[in-house]
Amino acid sequence: MKKHIPNSITCCNLISGCIATGFAFAGNIKVALLFIIIGAVFDFFDGMLARLLNVSSPIGKELDSLADVITFGLAPSTIIFSQLHVMSYPTFLEPLRDYLPYAAFIMAAFSALRLAKFNLDERQSLGFIGLPTPANALFWGSLLVGVGEKLETRPWALYFILAGVLISSWLLVSEIPMFALKFKHWSFKGNEVKYLFLITCCPLVVIFGISSFAIIIAWYVILSAIVKQSPTQQ
């Protein structure tokens with residue numbers, strides 16, 4: 001019985017992603033973000049339970065990736081898709097209003113590619129190579145929930161979002177080393193970057209609220225690019 005517990009939790013992650021996608025298609029991106037976060041919680045606990053119960057399996061690993069494609073790939077792409085439908089378009093792009101939103105799903109494809117690479121890349125045991133899909137999903141969800149209404153009336157915002165989709169897609173499969181919040185020990189020495197990141201996140205949450213998560217993810221990428229710490233040395 002216990003061997004099925006982690007996979008059941010993974011399926012809850014997948015279902016959360018499906019629900020998030022449904023709400024995003026309906027234009028309710030706040031609830032969509034909520035279910036992405038719920039999916040992230042399930043994603044955290046399925047791996048932890050598999051290790052605690054000593055029931056890790058190849059099928060669990062593959063199922064986890066499939067669930068992540070939905071929750072952290074398709075769901076945030078659908079949030080962007082819905083946002084692109086309600087935005088103000090420059091006059092010369094107005095004829096493309098019914099077609100340009102589908103560009104959001106480029107990010108879903110790159111999310112799937114990133115997860116496939118992660119399963120095969122043995123360098124990512126302690127850190128990451130490229131932007132993790134949950135971080136990317138949280139970035140877009142919190143950004144559009146926080147400032148989406150303000151972006152709707154600004155024609156330049158269309159270029160910002162389309163460029164952001166391309167940049168996110170590149171970051172997902174890039175070779176940029178990114179640190180993980182995994183601690184071998186709790187002393188400051190050797191964990192300077194992680195403690196700096198955590199300390200700076202606290203005031204951002206207080207000041208910017210839900211939008212702070214987008215800022216935090218952007219700061220995470222910038223800090224990772226600055227330190228360029230090998231994931232095998234973290």
Side-chain angles (χ1 to χ4, degrees), residues 13-40 43 65-117 130-174 208-218 220-221:
N13 171 16
L14 190 151
I15 293 169
S16 297
C18 292
I19 296 173
T21 302
F23 275 105
F25 271 126
N28 194 336
I29 62 174
K30 290 183 179 179
V31 177
L33 174 59
L34 173 62
F35 275 96
I36 288 175
I37 294 171
I38 291 172
D43 185 51
S65 292
L66 292 171
D68 287 353
V69 168
I70 300 297
T71 305
F72 309 126
L74 179 60
S77 295
T78 308
I79 289 176
I80 300 171
F81 172 84
S82 294
Q83 183 69 39
L84 288 172
H85 265 295
V86 298
M87 294 186 66
S88 176
Y89 278 56
T91 304
F92 76 99
L93 287 178
E94 191 62 40
L96 299 178
R97 175 178 289 278
D98 291 334
Y99 308 102
L100 270 181
Y102 290 96
F105 296 107
I106 293 172
M107 195 174 73
F110 276 87
S111 296
L113 180 59
R114 188 260 171 333
L115 289 161
K117 288 181 62 178
L131 182 64
T133 53
N136 184 60
L138 186 58
F139 171 84
W140 282 105
S142 61
L143 176 69
L144 295 182
V145 167
V147 299
E149 291 183 358
K150 296 178 181 178
L151 295 177
E152 289 177 12
T153 58
R154 292 166 171 78
W156 58 264
L158 174 68
Y159 305 118
F160 169 78
I161 291 181
L162 291 175
V165 167
L166 296 179
I167 293 171
S168 288
S169 298
W170 173 73
L171 285 172
L172 286 165
V173 297
S174 71
F208 295 102
I210 188 65
S211 300
S212 66
F213 294 104
I215 299 171
I216 287 169
I217 299 303
Y220 167 73
V221 173

Subject >> Chi angles and distances behind the side chain to side chain contact (heavy atoms under 4.5 Å, CB included) call for Phe72, Ile36 >> reply: CA-CA 7 Å; Phe72 309 126; Ile36 288 175; 4.2 Å; yes
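- Between the side chain of Ser88 and the backbone N or O of Arg154 there is no donor-acceptor pair closer than 3.5 Å.
- To the nearest 0.5 angstrom, Trp140 atom CH2 is 11.0 Å from Ile79 atom CD1.
- Note: Asp98 CG to His85 NE2 = 6.5 Å, rounded to the nearest 0.5 Å.
- Thr71 and Asn13 form a side-chain donor-acceptor contact under 3.5 Å, judged by distance and modelled atom types alone.
- Residues Pro90 and Tyr159 are in side-chain contact: their nearest non-hydrogen atoms beyond the backbone lie under 4.5 Å apart.
- Here the CG-CG distance, from Asn28 to Leu34, works out to 9.5 Å after rounding to the nearest 0.5 Å.
- Contact record, Thr78 with Ala24: CG2-CB, 3.6 Å, taken as the closest heavy-atom pair.
- Across every non-hydrogen atom of Phe35 and Ala20, the tightest pair is CB-CB, 3.8 Å.
- Side-chain N or O atoms of Arg114 include none that pairs as donor or acceptor with a backbone N or O of Leu171 at under 3.5 Å.
- Looking at Pro132 and Tyr220, their side chains come closer than 4.5 Å, going by heavy atoms from C-beta outward.
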Original post:
Should Ile29 and Phe23 be marked as a side chain to side chain contact (heavy atoms under 4.5 Å, CB included) after you check the CA-CA gap, both sets of side-chain angles, and the distance that decides it?
Top reply: CA-CA 7 Å; Ile29 62 174; Phe23 275 105; over 6 Å; no
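- The shortest side-chain heavy-atom distance between Ile210 and Leu33 falls under the 4.5 Å cut-off.
- Between Leu115 and Ser65, the closest heavy-atom pair is CD1-O, 3.7 Å.
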**OP:** Determine, step by step, whether Leu100 and Leu84 satisfy the side chain to side chain contact (heavy atoms under 4.5 Å, CB included) criterion, reporting the C-alpha distance in whole Å, the side-chain angles of both residues, the deciding distance to 0.1 Å, and the verdict.
**Re:** CA-CA 8 Å; Leu100 270 181; Leu84 288 172; 5.8 Å; no
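- The shortest distance between side-chain heavy atoms of Tyr99 and Leu93 does not fall below 4.5 Å.
- Scanning all heavy atoms of the two residues, the minimum distance from Arg97 to Glu94 falls at NE-OE2, 2.6 Å.
- Annotation: Phe25 is in aromatic contact with Phe81 [ring centroid separation under 6.0 Å].
- Remark: Ile167 CD1 to Phe160 CZ distance equals 8.5 Å, nearest 0.5 Å.
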Determine all donor-acceptor pairs shorter than 3.5 Å in which one atom belongs to a side chain in residues 141-152; sequence neighbours excluded.
{"from": "Ser142", "atom 1": "OG", "to": "Leu138", "atom 2": "O", "distance (Å)": "2.7"}
{"from": "Ser142", "atom 1": "OG", "to": "Phe139", "atom 2": "O", "distance (Å)": "3.2"}
{"from": "Ser142", "atom 1": "OG", "to": "Ala214", "atom 2": "N", "distance (Å)": "3.0"}

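- In this pair, Tyr102 and Phe105 present their aromatic rings tilted. The plane angle is within the 30 to 60° band.
- Listed here is the closest heavy atom pair of Ala75 and Gly17: CB-O, 4.0 Å.
- The distance from the CE atom of Met107 to the CH2 atom of Trp170 is 16.0 Å, given to the nearest 0.5 Å.
- A donor-acceptor distance shorter than 3.5 angstrom exists from the side chain of Ser77 to the backbone of Ala108, with no hydrogens or angles considered.
- Atom NZ of Lys30 has 12 or fewer heavy atoms from other residues, nucleotides or ligands within 6.0 Å.
- With hydrogens and angles disregarded, no donor-acceptor distance shorter than 3.5 Å links the side chain of Ser168 to the backbone of Val165.
- With values rounded to the nearest 0.5 angstrom, Leu172 atom CG is found 5.5 Å from Leu131 atom CG.
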